[in-house]
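Following: one structure in structure tokens, then a few remarks.
Keep in mind that this is a model prediction, so the values were computed, not measured. Each residue takes its place number in the sequence, starting with 1. Heavy-atom basis, side chains included; hydrogens, waters and symmetry copies ignored.
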Amino acid sequence: MNNLRIGGLASGMDIDQIVSDLMKAERTKVDKLEQDKQLIKWKQELYQEINLDFANFILDTKKEFGLTSATSTGTLVNKSVDSLDWVKSATSSNENIATVSANSSAVRGTYNITVDRLAESFSSASSSSISIGDKSNIASQFNLVADATKSFEIKFTIETNKGSKTFTYTNLDTVSLNDIVKDINSADLGVTAVYDSTIDRFFLQTDNTGSSNWIKITDDSSTTITDAGGQTKQELNFITGTDSLLKLTYNNGGLPTELADDVKYSGVDAQIDFGEAKDIVMSSNQFTINGINFNLKSTGSFTVQVDTDVDAVYNKIKTFVEKYNEIVEKVSIKLSEKRYRDYKPLTKEQKEQLSEKEVELWEKKAKSGLLRSDSILSRTMYNIRSGLYEQVSGVTGSYDQLTEIGITTESYISGSTGGKLVIDEAKLKTAIQNDVDGVLELLFKEPSEELRTKSESNMTAAEIQQKRSESGLINRLYDNMIAGMKEIINKSGPGDNSATFRDVKSNMLIDFITKYSGISMLDKDISNIDDKIDDMYDYLDRVEDRYWRQFTAMEKAISQMNQQSMWLMSQFGGGM
């Protein structure tokens, strides 16, 4: 609305200032909405901050336990408790023969091992220098210079247990031996070629050891001779056969033997005796038997001693408890934090009147207590704490409750954070020594496969309760924490942490997307306030226009009165 505005010419009043002051009072309604919006945003940030703490706690402790590992692409892969390498210690009596380590599934005891044979890959190498001339290309290196009467073709097929590929080269003055090496290595055949120009030798071998890894080469290289009688082809031994240009030989029972054409060559399997289990064949020198990890180095006999690494297990549990107590303290502080209701979020004008430090201190008080006694956090922490003290059903070991291994809740002291765990070191170490498998089962037992693989969003309350009952205490804690995290996401959204939450559980955000369309409850509250703010600005525009219409009407009236007064004065003055 573009009404003509008259700013106090007739009345002498500062109408601009008067209207501004009147509107300032009206705009406090917008300020109140903006403050409400800011409080919701702060609450949303606090929720997301705690949820990120939960996520990092789960990811960090799983990594610390060795329950996850990252692939080369960064993807997290879950690992079995049986594969943990810090539960049992294994020592070799002769590390020149083999080094060893133990998974948690290894049985304590002493084992007699004999290594009869090491696993080997198949390998071949040039028996002597191979170059005749300049090494810049095949033609000059092996004197295969083409002319009008003679031409050459290098052609060979490499077949392995992974596949086969044919390599063909005709313009030999444009191809080097390094080019051929590159082509072989990029073919993904499970073999590696190397040309060392300093010693002028060519090497070709399978990448992996064992008899299942093999290579067969068919050399179809040829020389074509053109004369008056036409063209004739002669065999050219480039990579295999007698007097081949690459002079490849292999160790044939101690006897250097030329690499033959169209013959399968395999690696060698390792062979060991494990106690009374004789002639065990393994394709690699690195393998696992009965939870013991072997790295063979040479033939011979040695013993392996497997025992529980009490200190390592204790330290892993201690580290977990410390990180858990940190989470308990962080959340408890938020739940009990004092609320300063007189400290409202500052308006833009108020911030301009304060220093940066004053704004920081004010906002610290304004944010305080926003999650005080929050129902979601309170419920999550209650479920986590109570879950730690409920029995684990179906255990086969010695322990089904946390207190049995020496972990309890600290005694309540006024002013302290409740719910932290306390370790009785002597009792825990005794439990580990007596039945480490029972300790692991108490902490990490998996529920039945049906419950383990089913999404909790598709479970009944009874099924969830059964899953918790069958789960080890740490797995149960993770499940209860994840359930709370999902509630927080529904309330406040994932923020910028979606990828982290998916690392915790791949389907973490499914319900949020499908049931809530990716819009959190607090986002909806903010959107509603934004609508109210827009409506309020429309209202303020109307109010301001009304004030101006009223003052403009007043100015016009005063102006008319002044004009009438002047006319009367001029009339009286004219009659004297």
Side-chain angles (χ1 to χ4, degrees), residues 1-3 5 14-52 334-378 487-498 512-513 515-552:
M1 190 176 294
N2 296 312
N3 294 330
R5 295 178 174 180
D14 188 346
I15 303 301
D16 281 328
Q17 186 61 48
I18 293 171
V19 172
S20 178
D21 291 341
L22 290 169
M23 291 306 300
K24 188 179 293 184
E26 293 284 354
R27 286 194 177 93
T28 59
K29 299 173 183 177
V30 175
D31 293 340
K32 175 64 170 60
L33 289 171
E34 292 284 4
Q35 288 173 325
D36 290 344
K37 177 181 174 181
Q38 184 60 67
L39 287 173
I40 294 174
K41 283 187 173 182
W42 282 341
K43 190 172 186 177
Q44 189 173 40
E45 290 169 2
L46 291 171
Y47 269 131
Q48 292 169 358
E49 180 182 323
I50 287 177
N51 231 16
L52 184 59
K334 291 301 178 187
L335 288 172
S336 59
E337 202 171 39
K338 185 176 180 181
R339 184 81 182 99
Y340 299 93
R341 299 189 182 279
D342 292 337
Y343 285 78
K344 305 291 186 183
L346 296 169
T347 64
K348 182 179 179 182
E349 292 77 11
Q350 289 171 332
K351 285 183 179 181
E352 291 172 351
Q353 296 170 11
L354 299 174
S355 68
E356 186 175 331
K357 184 64 176 177
E358 288 172 329
V359 170
E360 180 184 343
L361 292 173
W362 183 282
E363 289 191 344
K364 183 177 181 181
K365 292 232 174 183
K367 293 178 182 179
S368 176
L370 288 177
L371 295 179
R372 182 179 177 87
S373 301
D374 180 79
S375 60
I376 295 177
L377 292 182
S378 298
E487 279 198 79
I488 293 174
I489 289 171
N490 293 341
K491 180 76 172 180
S492 67
D496 298 325
N497 306 312
S498 295
F512 178 62
I513 299 300
K515 294 182 180 179
Y516 295 87
S517 302
I519 303 173
S520 71
M521 299 176 193
L522 292 183
D523 281 328
K524 289 180 180 178
D525 291 343
I526 291 172
S527 179
N528 290 336
I529 290 179
D530 282 335
D531 291 341
K532 290 179 181 179
I533 290 173
D534 289 341
D535 292 341
M536 184 56 67
Y537 275 119
D538 290 339
Y539 165 76
L540 291 178
D541 286 341
R542 293 194 299 272
V543 170
E544 188 174 13
D545 284 337
R546 176 165 54 82
Y547 282 142
W548 274 106
R549 287 197 305 272
Q550 290 172 339
F551 280 109
T552 299

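With sequence neighbours excluded, no residue forms a side-chain contact (heavy atoms from CB on, under 4.5 Å) with Ser517. Residues satisfying the side chain to side chain donor-acceptor pair (under 3.5 Å) criterion with Ser375, sequence neighbours excluded, are absent altogether. Remark: Phe512 engages Ile489, Asn490, Pro494, Tyr516, Ser520 in a side-chain contact (heavy atoms from CB on, under 4.5 Å) (not counting sequence neighbours). Listed by chain and number, the residues in a side chain to side chain donor-acceptor pair (under 3.5 Å) with Glu45 amount to none (sequence neighbours excluded). Taking Leu46 as the reference, Glu49, Lys334, Leu370, Leu371 meet the side-chain contact (heavy atoms from CB on, under 4.5 Å) condition, with sequence neighbours excluded. Evaluation of the side-chain contact (heavy atoms from CB on, under 4.5 Å) rule for Leu33 yields Ile529, Lys532, Ile533, Met536 as partners, not counting sequence neighbours.
Pairs passing the salt bridge (charged side-chain N to carboxylate O under 4.0 Å, His left out) check and including a residue from residues 516-529, sequence neighbours excluded, do not occur. Sorted by first and then second residue, the salt bridge (charged side-chain N to carboxylate O under 4.0 Å, His left out) pairs with a member in residues 28-42 read Glu26-Lys29, Lys32-Asp36, Lys37-Asp530; sequence neighbours excluded. Sorted pairs that involve residues 335-344 and meet side-chain hydrogen bond (donor to acceptor under 3.5 Å, both in side chains), not counting sequence neighbours, are lacking altogether. Within the structure, salt bridge (charged side-chain N to carboxylate O under 4.0 Å, His left out) pairs that include any residue of residues 487-497 comprise Arg379-Glu487 (at least two apart or interchain). Residue pairs that meet the salt bridge (charged side-chain N to carboxylate O under 4.0 Å, His left out) test with at least one member in residues 359-371, sequence neighbours left out, are Lys351-Glu363.
Atom CD of Glu356 has 12 or fewer heavy atoms from other residues, nucleotides or ligands within 6.0 Å.
What you find for Leu522 and Ser492 is that their closest heavy atoms are CD1-CB, 4.0 Å. In this structure, Ile376 and Asp374 approach most closely via the heavy-atom pair N-OD2, 3.1 Å.
The closest side-chain heavy-atom distance from Asn51 to Asn497 is not below 4.5 Å.
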